[in-house]
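Quick notes on the structure that follows.
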Amino acid sequence: DINLAGKDLAARFDAIDKAGDSGDLPGTKKAYEGMVAIAATLQKYAGPATYSDAVEEIEHGLQEIGELIEAKKLGGVHLEANGLQKAAKMIGQLASKEGSGVPEEAIKDVSWASVELAAKCEAIEKPSESGDLAGTKKLYDEMVRANATLQKYVAGVFQCPMKCEGEKTYNKPGKCPKCSMDLKPRT
């Protein structure tokens with residue numbers, strides 16, 4: 001809960017003050033590390049800022065769910081799905097932002113896919129919590145199919161295979177301005 005995280009963060013600030021005032025370096029470090037973890041949790045509540053970020057978050061979450069299912073650890077599936085559901089609910093709005101990479105004519109398909117994905121994220125709680133591996137896997141497969149629609153509209157990231165320009169990337173295929181090799185999708 002975001003309110004609990006805020007209270008915990010305030011308590012960590014107090015702990016840093018007390019540890020710092022008393023010269024307790026290990027205590028200060030421990031409180032700081034706790035603050036970093038809380039800040040990461042709070043950042044998740046803010047949600048993704050771009051369409052590509054949202055789809056990447058969903059892709060990562062689906063990988064986590066797939067690993068949980070593979071390991072038959074269904075108890076953690078619905079927690080991961082809750083995070084996916086938040087990102088899925090933001091997709092339509094992010095897709096309609098200028099510069100999202102989603103063509104105007106595709107926004108309706110993206111919106112439908114995001115609604116379907118959000119619904120599956122909610123539905124997966126029942127079979128995963130009851131230990132129904134087949135039911136959990138079926139919903140997971142449906143989530144992956146909905147995500148495939150979202151993936152189609154993520155702007156590509158291309159890079160010179162020789163890395164002539166270091167880690168510089170481009171949003172479309174072309175030629176490297178230094179060596180003239182074809183830019184390749186970054187992996």
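This is a predicted model, so every value here is computed, not measured.
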* Asked: Could you give the distance from NE2 (His78) to CD (Glu129), rounded to the nearest 0.5 Å?
  -> 4.5 Å
* Does some side-chain heavy atom of Val77 sit less than 4.5 Å from a side-chain heavy atom of Ile69? -> yes
* Does the side chain of Ser100 come within less than 4.5 Å of Leu94's, by heavy atoms? -> no
* Asked: Is there side-chain contact between Ser114 and Lys89, with at least one heavy-atom pair below 4.5 Å?
  -> no
* Nearest-0.5 Å distance that lies between atom CG in Asp17 and atom OG1 in Thr28 -> 9.5 Å
* Which atoms form the tightest heavy-atom contact between Ala49 and Lys97, and what is the distance? -> O-NZ, 3.7 Å
* Straight-line distance of Glu125 CD to Thr136 OG1, nearest 0.5 Å -> 11.0 Å
* **Identified side-chain contact (heavy atoms from CB on, under 4.5 Å) counterpart of Ile124 within the set Leu84, Leu74, Leu139** => Leu139
* To do: Could you name each residue pair satisfying side chain to side chain donor-acceptor pair (under 3.5 Å) that touches residues 137-156, not counting sequence neighbours?
  => Glu59-Asn147, Glu59-Gln151, Lys120-Glu142, Lys137-Asp141, Lys138-Glu142
* So, for Ser96 and Ile107, which heavy atoms are closest and what is the spacing to 0.1 Å? -> CA-CD1, 3.7 Å
* Asked: Which atoms form the tightest heavy-atom contact between Ala19 and Gly27, and what is the distance?
  -> CB-C, 3.8 Å
* Could you give the distance from CG (Leu150) to OG (Ser52), rounded to the nearest 0.5 Å? -> 11.0 Å
* Got Pro177 and Glu165 here, is their nearest side-chain heavy-atom distance under 4.5 Å? -> yes
* Asked: Any donor-acceptor pair under 3.5 Å linking the side chain of Tyr51 with the backbone of Gln93?
  -> no
* Going through the checks in order, is the side-chain contact (heavy atoms from CB on, under 4.5 Å) test met by Cys176 and Met162? -> CA-CA 9 Å; Cys176 172; Met162 299 302 293; over 6 Å; no
* Structure fact -> Between Gln159 and Gly166 the two heavy atoms that sit nearest each other are NE2-O, 3.7 Å
* Rounded distance (nearest 0.5 Å) linking atom CD1 of Ile65 with atom CD of Glu67 -> 11.0 Å
* Asked: Between Leu133 and Val144, is there a shared hydrophobic cluster once you connect ILVMFWY residues whose side-chain heavy atoms come closer than 4.5 Å?
  -> yes
* What are the two closest heavy atoms between Glu57 and Gly83, and how far apart are they? -> OE2-O, 3.9 Å
* **Approximate separation, where rounding is to 0.5 Å, of Gln85 CD and Met90 CE** => 13.0 Å
* **Min side-chain heavy-atom separation Cys160-Leu183 under 4.5 Å** => yes
* To do: May I ask whether Val102 and Val154 are part of the same hydrophobic cluster, defined by side-chain heavy atoms of I, L, V, M, F, W, Y residues being less than 4.5 angstrom apart, directly or through others?
  => yes
* Structure fact -> Of all heavy-atom pairs linking Ala146 and Leu117, the shortest is CB-CB, 4.1 Å
